[in-house]
Amino acid sequence: MCDRVQPIGEIVCSSCRDSLKKVQSPFCNKCGKILADEREEYCSDCNAGIHIYTEGRALYEYPCIRKSIYRFKYKGRREYAEFYGKELAEHLGLIIKSWQPEALIPVPLHSSRKRSRGYNQAELLAEALGKQLGIPVISHIVKRVKKTVPQKKLSQVQRQNNLKRAFKIIRNDVKLNTIIIIDDIYTTGSTIDSMSAVLKEAGIKNIYFIALAIGRG
C-alpha cells in the first residue's frame, strides 16, 4: 500500500492496513456504492438509469487504495494481485458464492494496450480470486475490439458513447448461465454494462460484477 519495504512474511504494514476503508452499509442495492443516507436503496446513478447487469459489489472505497491500484496497473506490480485476491475472497466470498457463478470473466484490454502494459490487471485479479474460491476464470469469451479513451476523463454520456461496440463475443461455444465480471475500479458502470450487453446476446442470463474499488454514490 505504501510501497515501503516490509519484514519477511508481511504484505501490508499495520498502519496501511488500518487506513484501508472497506465498503460498509449503507450501500446501493444494485452497484454497491456507499450511500450517504441509510434510508436510500439505490445511488443516484442507479436511480437515473437501468443497468444491464444483475448486481455488483466492491471491496474498498477508491481513495484509500488509489495509489496502490495505480502501481498495480501502470508500474508492473503484478504481485499485488495475490493480496487483492485474498482480500476479495475473505470479505466478499460469501456473496460471491451466493450468486453461484460458473466462471469469472475479467474485463479485457485492447490488444495494443495489453502489449504496451504487458498484462491485463483485471485478468490477474480474476485469477487470484478464482484461485482462492475455486471458480474458473475464462478470459477468451469477450474481446475488446475498440481502443477506447480512458473512462476517467469522460462524462457519463461520453463514457457510454466511448464504449459503443467496444466489446465483441469471440467464443459462442461456451455455455454459461451465471458469470461474474471482474474489474479493478467501478465508476458509473458503463464498462460493465457495455460488456454485459454482449454477454446477454450470447445467452448468459445472470451477470454480476466484483470490483476491487468503488466511489461513493
Side-chain angles (χ1 to χ4, degrees), residues 1-4 6-7 9-47 51 53-75 77-101 104-107 121-135 137 151-152 179-189 191-192 207-217:
M1 308 307 298
C2 60
D3 211 31
R4 292 192 292 266
Q6 300 302 314
E10 296 294 328
I11 299 177
V12 178
C13 62
S14 58
S15 59
C16 282
R17 188 172 283 281
D18 291 342
S19 72
L20 288 173
K21 295 182 179 179
K22 296 181 180 67
V23 174
Q24 303 288 343
S25 181
F27 51 78
C28 176
N29 288 338
K30 185 73 173 180
C31 73
K33 281 186 178 179
I34 301 166
L35 299 173
D37 189 342
E38 62 182 10
R39 294 171 297 180
E40 297 293 330
E41 293 186 23
Y42 302 100
C43 69
S44 56
D45 287 338
C46 291
N47 272 324
H51 288 298
Y53 63 80
T54 305
E55 186 183 341
R57 290 289 302 277
L59 179 56
Y60 295 118
E61 294 187 35
Y62 175 66
C64 75
I65 200 168
R66 175 178 58 85
K67 292 180 180 178
S68 180
I69 291 177
Y70 178 83
R71 293 192 300 271
F72 176 53
K73 292 176 70 169
Y74 303 114
K75 299 296 182 179
R77 303 301 175 83
R78 305 185 193 196
E79 68 273 16
Y80 286 16
E82 182 180 354
F83 167 72
Y84 295 152
K86 288 179 179 177
E87 289 283 289
L88 285 167
E90 180 179 349
H91 299 286
L92 296 180
L94 288 178
I95 190 167
I96 290 171
K97 289 179 179 179
S98 74
W99 293 337
Q100 299 182 316
L104 306 179
I105 300 181
V107 173
Q121 76 280 353
E123 189 172 346
L124 295 181
L125 196 60
E127 289 171 353
L129 178 58
K131 179 181 177 181
Q132 291 292 319
L133 298 180
I135 304 171
V137 177
Q151 292 285 87
K152 62 184 178 181
I179 62 94
I180 298 178
I181 296 173
I182 304 295
D183 206 2
D184 54 346
I185 304 167
Y186 181 97
T187 49
T188 63
T191 299
I192 304 297
I207 301 171
Y208 299 89
F209 81 81
I210 287 289
L212 185 61
I214 197 167
R216 286 181 171 265

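Residue numbers count from 1 along this sequence.
For residues 56-72, every residue pair satisfying the salt bridge (charged side-chain N to carboxylate O under 4.0 Å, His left out) rule, not counting sequence neighbours, is listed here: Asp3-Arg71, Glu61-Arg216.
Of all heavy-atom pairs between Leu35 and Glu40, the closest is CD1-O, 3.4 Å. Scanning both residues, Ala211 and Ile185, for their nearest heavy atoms gives CB-C, 4.3 Å. Residues Ile180 and Trp99 come closest through the heavy atom pair CD1-CE3, 3.5 Å. Nearest heavy atom pair, residue Cys31 against residue Phe209, reads O-CZ, 3.3 Å. Minimum interatomic distance between Gly85 and Gln132 (heavy atoms only, all atoms of both residues): O-CG, 3.8 Å. The two residues Cys2 and Cys13 have their closest heavy-atom pair at SG-SG, 3.9 Å.
Between Thr187 atom OG1 and Tyr62 atom OH the span is 10.0 Å, to the nearest 0.5 Å. To the nearest 0.5 angstrom, Lys30 atom NZ is 11.0 Å from Cys43 atom SG. One finds the SG atom of Cys46 at 12.0 Å from the CD atom of Glu41 (value rounded to the nearest 0.5 Å). To the nearest 0.5 Å, atom NZ of residue Lys73 and atom CG of residue Leu124 are 12.5 Å apart. With rounding to the nearest 0.5 angstrom, the CD1 atom of Ile179 is 11.5 Å from the CD1 atom of Ile135. From Ile210, atom CD1 reaches atom CG of Leu133 across 9.5 Å, with rounding to the nearest 0.5 Å.
Taking the ring pair (Phe, Tyr, Trp, His ring centres under 6.0 Å) definition, one finds that Tyr80 meets it with nothing, sequence neighbours left out. In terms of the side-chain contact (heavy atoms from CB on, under 4.5 Å) criterion, residue partners of Ala128 (sequence neighbours excluded) are, by chain and number, Ala81. Here Phe27 pairs with nothing under the ring pair (Phe, Tyr, Trp, His ring centres under 6.0 Å) rule; sequence neighbours left out. Not counting sequence neighbours, Tyr60 has no partner by the ring pair (Phe, Tyr, Trp, His ring centres under 6.0 Å) test. Legend: residues meeting side-chain contact (heavy atoms from CB on, under 4.5 Å) with Arg17, ordered by chain and number and at least two apart, are Val12, Phe83, Glu87.
No donor-acceptor pair under 3.5 Å is formed between the side chain of Lys33 and the backbone N or O of Tyr42.
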Residue pair Ile182, Ile105: steps toward the side chain to side chain contact (heavy atoms under 4.5 Å, CB included) verdict: CA-CA 6 Å; Ile182 304 295; Ile105 300 181; over 6 Å; no

Residue pair Ile65, Ser68: steps toward the side chain to side chain contact (heavy atoms under 4.5 Å, CB included) verdict: CA-CA 5 Å; Ile65 200 168; Ser68 180; 3.9 Å; yes

Salt bridge (Lys or Arg N to Asp or Glu O under 4.0 Å) between Lys131 and Glu127, worked out: CA-CA 6 Å; Lys131 179 181 177 181; Glu127 289 171 353; over 6 Å; no

Side chain to side chain contact (heavy atoms under 4.5 Å, CB included) between Ile11 and Glu82, intermediate numbers included: CA-CA 10 Å; Ile11 299 177; Glu82 182 180 354; 5.6 Å; no

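Atom NZ of Lys22 is surrounded by more than 12 heavy atoms from other residues, nucleotides or ligands within 6.0 Å. Other residues, nucleotides and ligands contribute over 12 non-hydrogen atoms within 6.0 Å of the CD atom of Glu79.
Between Leu125 and Leu88 there is a side-chain heavy-atom pair separated by less than 4.5 Å. You'll find the side chain of Ile181 reaches within 4.5 Å of the side chain of Ile207, heavy atoms only.
Ring-plane geometry between His51 and Tyr186 is classed as perpendicular, the angle between the planes exceeding 60 degrees on a 0 to 90 degree scale with a lower cut at 30.
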